[in-house]
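The next block holds one structure in the form of structure tokens; read it before the comments.
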Amino acid sequence: MNLKSLNINQRKAVEKIGGPILVFAGAGSGKTRVLTYKIAYLISEVGILPENILAVTFTNKAAQEMKSRVSQLVSSEISGISIGTFHSISAHILRRDINLLGYNRDFTIYDQQDSKALVKNVIKKLNLDIKQFDPKSMQIRISNAKNQLHSMKYIEDSIENYTDKKFHQIYSEYQNELKLNNSVDFDDLLLLPIEIFKNNPEKLNYYQSKYKYVLVDEYQDTNKPQFEFVHLISSIHKDIFVVGDDDQSIYGWRGADISNILNFQEAFGQSEIYKLEQNYRSTKNILEAAWSVVSKNTHRSEKKLWTDNNDGEKLDIIAGFDERDEAKKILDKIVSNKYKLNESSILYRTNSQSRAIEDELRKSGIAYHIVGGVKFYERKEIKDLICYLRVIVNSDDSISLDRIINFPPRGLGVSTVSKINEFREKNNMSFFASIQDCSNIGIPDKQLNTINDFNKLINKYRKQSLNEKGSQILDNLLNDIKLKDYYYSQKTDEALNRWENIQEFLSSIVEYESNNPNSTLASFLEEVSLLTDIDKWNDSNDAITLMTVHSAKGLEFDCVYISGLEDGLFPIVRYLEDTDIEEERRLFYVALTRSKKKVVLSYAKSRRKFGSDPILSVKSRFIDDIPEDLIYEKIVDKSNFYNNKVNIFSKLSKPMNNNIKVGNLVEHKIFGKGKVLYIDGQGENSKLTIKFYNNVTKKLILKYAKLKLLKDTYEK
DNA sequence: GGCGTTTTCATTTGT
DNA sequence: TGAAAACGCC
């Protein structure tokens, strides 16, 4: 095999066989190339069969690309190879073996919305106050516990107060309910295979000998369960090859554990480490800017990217008066630039920032596509149909059943449903099982008849699903439940639009079936829950791409616009305590290193948050970290327009009665004394985050809060 | 008891 | 801005 196109370190990493290998691969250093060549080398030079290789990528799209590149290199059939994300690989293992844990193979995969709904049901079932135990934060806490591999026993042992105690109850009941529903959440997808391996040595043994060589991409973003998974599979043969870059670790909030990569050697034993430090992607100026940011971090492995590329263009900085003006100025840049639209991307920290930019793009007629945000399959009208399909495949799935039992409205409201729920809780049975036989629990005849009709409908489709295609089932179902009439009768644009989306959904399942001839309805549902926007994205259309920095990981563009560079937004701050500034810096580093040729940084001097009055903002400290000599042009708003607006602001700000700063001790009429943790914006509209002495944290608008400043000293 | 309408309230990032 | 909860009408 010809390895001439690899540099010396890349080549060493590819040719080294036997034992654990860690490749530190900086941004743009040819990481994908190394992985692709490594797999091809294993197949064509070492003689390992494709079906004995497990390669884990970060997105499904990356998996597809890697597969097709490898097959080009080896010129032989590789369809037996396992390439995919942790979640899709785990899902496949569970489809085969989940019965060992007492679930059945038709299990549903719950997204966070479903999980939250289940947590909420559990809280209600345990008669706890929904205000005191917020379903969303309980769900996050459960997810964190799972990502930390905390066992139920551990959680029980570390109960310190009432909240902990109730949390333990909620978590444990949540897990019971999941099983009763024959459903798994995203975290279970990773945890259950590990449980299978631990309880069934012969299964572990099977996968250990099936996957003789294990490769992991983006290793810096693996969490504890993912580590455990690959560690178990490779623990005998130790043939594991991981690639990553600690500087690009941006998923700490999701449990990604940077020590996985930093402690690789300790975990896997005697191993080889290679460093790829030559960057082939970006100009010197971009790399230097990126370096000036990330080198401020203290927790990182020592390395510095370099490049043979030329200096290239310097960076531009744009400041808009507000988010709309920022967007307009970005558009001006896009128009005057020489870079192609499909080689350009506008990045932001939060999805909500896309709106202002989208509006301006639409006005000026520039083509764009947007990745992320509210996903297609999460739209209400689509999710409703998915829930029908889920119930048809897995009738134990109560969360989905709950969603469709009265959609479209058929006269089964809250009181009927809660009667059924009481009944099923008493008998610890699934929702569907309880509607089979609920004639003696005080439901009026009218509703009872409706339930029977609904029951017949579902059973009809359960039978159909055994030999009909999913697309056919969906088509029949749409007619049966008269959805078209339902939406058309509303006579609103929104309803018509929803019906159009449903048509699109129908064609997506048709397309899926033609691409996957042996597919089932269950496999379609699995794909739907694991596929992300980025997996479907392609840059072939002549359109600019809008997405979050997180979504842009692994991608590259000629020209990258990084917008919303304001303190508090990027780096983002909620509560001072839980902001990981180093991770924010890495995120900015990832954003910069997406660019090959040109970087444009932008911020707005004021910004509206969900339609409210504008709040003055301050330019990001990250901009100040970049040396002046790397900046070409600063387009700062000096127009009268801006100055006028500023005057308006200063007028508004006049009645400001005090100068409250972060760290000050203040007193509120109702909440009492507290410490100012964070101030969002400036002037009387600024929003203060205050932690009061009763341990309650509140966000208050300065002009309404009527705070008394008690102590004007900074506390650490 | 169901269902449409009004009000509230919350926003990082995503498999 | 948009979804979920609370409200109030049939």
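Below, read A as the first sequence line, B as the second, and so on, with proteins coming before strands; counting in each chain starts at 1. All values derive from a computational prediction rather than experimental measurement.
The number of heavy-atom neighbours closer than 6.0 Å to NZ of A:Lys296, taken from other residues, nucleotides and ligands shown, is 12 or below.
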> A:Lys380 and A:Asp384: salt bridge (Lys or Arg N to Asp or Glu O under 4.0 Å), yes or no, with the steps?
Replying inline: CA-CA 6 Å; A:Lys380 189 199 171 298; A:Asp384 290 334; 2.7 Å; yes
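Aromatic ring pairs are classed by plane angle as parallel below 30°, tilted from 30° to 60° and perpendicular above 60°; the pair A:Tyr486 and A:Phe407 is perpendicular. Ring pair A:Tyr377/A:Phe505 is perpendicular by interplanar angle, where above 60° counts as perpendicular and below 30° as parallel. Note on ring orientation: taking the six-membered ring where Trp is involved, the planes of A:His550 and A:Trp253 are perpendicular (angle over 60°, cut-offs 30° and 60°).
Atom-to-atom, CD of A:Gln139 to P of B:dA10 comes out at 17 Å; the value is rounded to the nearest Å. In this structure, A:Asp187 places its CG atom 9 Å from C1' of B:dT15, rounding to the nearest Å. The nearest whole Å value for the distance from the CD1 atom in A:Ile250 to the P atom in B:dG14 is 9 Å. Rounded to a whole Å, the CG atom of A:Asp111 is 14 Å from the P atom of B:dG14. Rounded to a whole Å, the CD1 atom of A:Ile382 is 14 Å from the P atom of C:dA3. Between the CZ atom of A:Arg608 and the P atom of B:dA10 there is a distance of 22 Å, given to the nearest Å. Straight-line distance from the CG atom of A:Asp384 to the P atom of C:dA3: 12 Å, rounded to whole Å. Rounded to whole Å, atom C1' of B:dT15 lies 14 Å from atom CG of A:Asn144.
Within the structure, a side-chain polar atom (N or O) of A:Thr532 is placed less than 4.0 Å from OP1 or OP2 of B:dT15. The side chain of A:Arg254 places no N or O atom within less than 4.0 Å of a non-bridging phosphate oxygen (OP1 or OP2) of B:dT12. Close to B:dG14, at under 4.0 Å from its OP1 or OP2, lies a side-chain N or O of A:Ser551. The phosphate of B:dC3 has OP1 or OP2 within less than 4.0 Å of a side-chain N or O from A:Asn406. The phosphate of B:dG2 has OP1 or OP2 within less than 4.0 Å of a side-chain N or O from A:Gln447. Contact between the side-chain N/O atoms of A:Asn351 and the OP1/OP2 oxygens of B:dT12 is not found at any separation under 4.0 Å.
In this structure, A:Leu530 reaches neither bases nor backbone, as no heavy-atom distance under 4.0 Å exists between it and the strands shown.
With 3.5 Å as the limit, one finds no donor-acceptor pair spanning the side chains of A:Tyr171 and A:Arg141. One side chain, A:Thr222 or A:Asn260, offers a donor N or O that lies under 3.5 Å from an acceptor on the other.
When each of A:Pro409 and A:Trp253 is assigned the nucleotide of DNA chain B with its nearest heavy atom, A:Pro409 is the one assigned upstream, toward the 5' end. Mapping A:Lys136 and A:Ser143 onto DNA chain B by nearest heavy atom places A:Lys136 at the nucleotide closer to the 5' end.
Once the 5.5 Å centre distance and the 30° plane angle are applied, the aromatic ring of A:Tyr251 is found not to be stacked with the base of B:dT13.
Looking at residues 411-424 of chain A, you'll see A:Gly411, A:Leu412, A:Gly413, A:Val414, A:Ser415, A:Thr416, A:Lys419 sit with a heavy atom under 4.0 Å from some atom of DNA chain B.
Nearest heavy atom pair, residue A:Arg608 against residue A:Asp322, reads NH2-OD2, 2.8 Å.
The aromatic ring centres of A:Phe570 and A:Phe588 sit less than 6.0 Å apart. Ring-centre distance between A:Tyr251 and A:Phe58: below the 6.0 Å cut-off.
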So which protein nitrogen or oxygen atoms get under 3.5 Å of nucleotides 4-7 of chain C's nitrogens or oxygens?
residue: C:dA5; atom: OP1; partner: A:Lys120; partner atom: NZ; Å: 2.1
residue: C:dA5; atom: OP2; partner: A:Lys120; partner atom: NZ; Å: 3.1

